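The next block holds one structure in the form of C-alpha cells; read it before the comments.
Chain letters run A, B, ... following the sequence lines, proteins first and then strands; every chain starts at 1. If you're wondering where the values come from, they're calculated on a predicted model, not measured in any experiment.
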2 protein chains.
Amino acid sequence: MTKNLYDDARITAVGLVMEVYAGLAARFAAQFEEHGLSTVEFEVLMRLARSPEHQLRMTDLAAQTSLSTSGVTRVVDRMERDGLLCRRACPSDRRSAYAVVTESGMARLGETLPGHIQLIQDWFIGQLEPAALESLLDSLRVVRDAVHPGATAGSRGGSAEATTPC
Amino acid sequence: MTKNLYDDARITAVGLVMEVYAGLAARFAAQFEEHGLSTVEFEVLMRLARSPEHQLRMTDLAAQTSLSTSGVTRVVDRMERDGLLCRRACPSDRRSAYAVVTESGMARLGETLPGHIQLIQDWFIGQLEPAALESLLDSLRVVRDAVHPGATAGSRGGSAEATTPC
DNA sequence: GCGGGAATATTGCTGTGTCTATAGTTGCTT
DNA sequence: AAGCAACTATAGACACAGCAATATTCCCGC
C-alpha cells in the first residue's frame, strides 16, 4: 500500500496546467492556420500591432516574444516574404532595424482576431462563472508574478513599455 | 476614446495562461537539464515509469505524450543510445515494440523527481492559499474537460488506462 | 489457405528554432 | 582621433519534430 512516488498530487496539478495549455494552443493553432498564420506569426503580429506605429526593433520584438533574436530574424524573413511585414532602417541607429506591419498584415490580423477571441470565449472564459473566472485570474497572476519569466509585459501597464526612443 | 481592439481583456487572460505555462516550462527545463534530461525525455520517463512493468508500446507512448509516432521513434532512439531505455520486441505482435525503462533510467528519474516536485512546490503550489489552490484546480479541470485535447489521461482515473493486453 | 485492408514502426524530407560566429555600428576612454 | 568594448542583426551549423511514404505484420472474410 505504499503510495506510488509518481502519483504525487503536485505533479498531476502541473499536468493539469500543461493539458489546458496544450489544448488551448492546439485550438488556437488550428484557427490561425485557417488564415494562413502560425502561432508565432500571430504573436508577432499582435505585438507589433500593439506597439506605437505598428513597429518594433528586432531586439525588442525578440524580448517580447518567446523567440531568440535569430528566431525573430527568420520569422520576419518569412513574414516579409509573405507581405505581412516589412523592414525599415532605423534613422538614428544604423545597427537597428524596425519590423513594421504592412496594410496587408493589419488586414490579416483583423480577419483572424475575431475568431480568436471567439475561441477564447468558447473554450476558456465562457466555461466559468464570473466569480470563478476572477478567482482563477487572480491565482494565475500570483503564480505568474512568482515565476517571472522575465516580465514580458505588464498585466495592464498601459503604454509605459519602455520602448527605447531611437 | 475608442477602446483599442487589441487590448481586449479576454486576450490578456489567455496571455496570462501562456505566461504561467512558459515560466513553469522554463524553470522545469533548466532543472531537467541539470540531470541531463530534456523536457520530453522526462515526460517519456514519467509515462513509462507509471505504466505496468515500466513499459509501453511505441504507439501508446505517443498517445500519452505530445509527440507523434515518428517523434517517439526518435526520442526512444536517443534515450536508448544513452542507456535510459531499451526496446523490447512484443512477443504477441511482431509489429509492436515496447519501450522499457532500464535501471539506469529509473535511477535518473529518481534523482530528477525530488527537485522537480520541489520546484512545483516553490513556484506553484506554495504560492497559493489552500482554498485558492483548490479553486484554481477546479477551474482548470473545467477548462480542461471542455477543451479536451484528446483526453490524454484521466484526472485520477487510476489504473484503468486501457493499455492493450498485447 | 489466402488476399485485401488496417495497424505498427521506421525513414526521408521539410520546416522551424536555438547556439555560435561574424560583420557592421556606436559610444566611451584615453 | 584611435582603440576598444558593447550592441545589433544576420548567416551557418545543428537539433528536433511533424508529415508522407515504406515495409512488415496482423486480422477478417471468403
Would you say the side chain of A:Ser70 and the base of C:dC19 hold a donor-acceptor pair, judged only by whether the two atoms sit under 3.5 Å apart? yes
A:Arg57 bridged to A:Asp60 by N-O distance under 4.0 Å: yes
Any ion pair linking B:Arg141 and B:Glu134 (charged N to carboxylate O, less than 4.0 Å)? yes
At under 4.0 Å, does any side-chain N or O of B:Arg94 touch on OP1 or OP2 of C:dT8? no
Could you check how far CZ of A:Arg78 sits from P of C:dG17, rounded to whole Å? 5 Å
B:Thr39 near the nucleic acid: base, sugar-phosphate alone, or nothing, with a heavy-atom cut-off under 4.0 Å? nothing
State yes or no: are the ring centers of B:His116 and B:Phe32 separated by less than 6.0 Å? yes
Given side chains that start at C-beta, do those of B:Leu113 and B:Phe42 come closer than 4.5 Å, heavy atoms only? yes
Mind checking A:Val72 for me? I need base, sugar-phosphate or nothing, with any heavy atom below 4.0 Å counting as a touch. nothing
Check whether the side chain of A:Ser96 and the base of D:dC7 form a donor-acceptor pair under 3.5 Å. no
For a quick test of reading the model: is some side-chain N or O of A:Ser68 closer than 4.0 Å to OP1 or OP2 of C:dT18? yes
For the backbone of A:Ala30 and the side chain of A:Glu33, can you confirm whether one donor and one acceptor N or O come within less than 3.5 Å of each other? no
Distance check needed: D:dG18 C1' versus B:Asp77 CG, whole Å only. 16 Å
Side-chain donor or acceptor of B:Arg74 under 3.5 Å from a matching atom on the base of D:dA17? no
Please report, rounded to the nearest Å, how far the C1' atom of C:dT22 is from the CZ atom of A:Arg95. 16 Å
Given atom CD of B:Glu33 and atom P of D:dA15, what is their separation to the nearest angstrom? 15 Å
Round to the nearest Å and state the distance from B:Leu67 atom CG to D:dC19 atom P. 12 Å
B:Leu61 CG to C:dT10 C1', straight-line distance once rounded to whole Å: 15 Å
Taking atom P of D:dC16 as reference, at what distance in whole Å does atom CG of B:Asp82 sit? 10 Å
Using atom CE of B:Met58 as one end and atom P of D:dA17 as the other, report the distance to the nearest whole Å. 13 Å
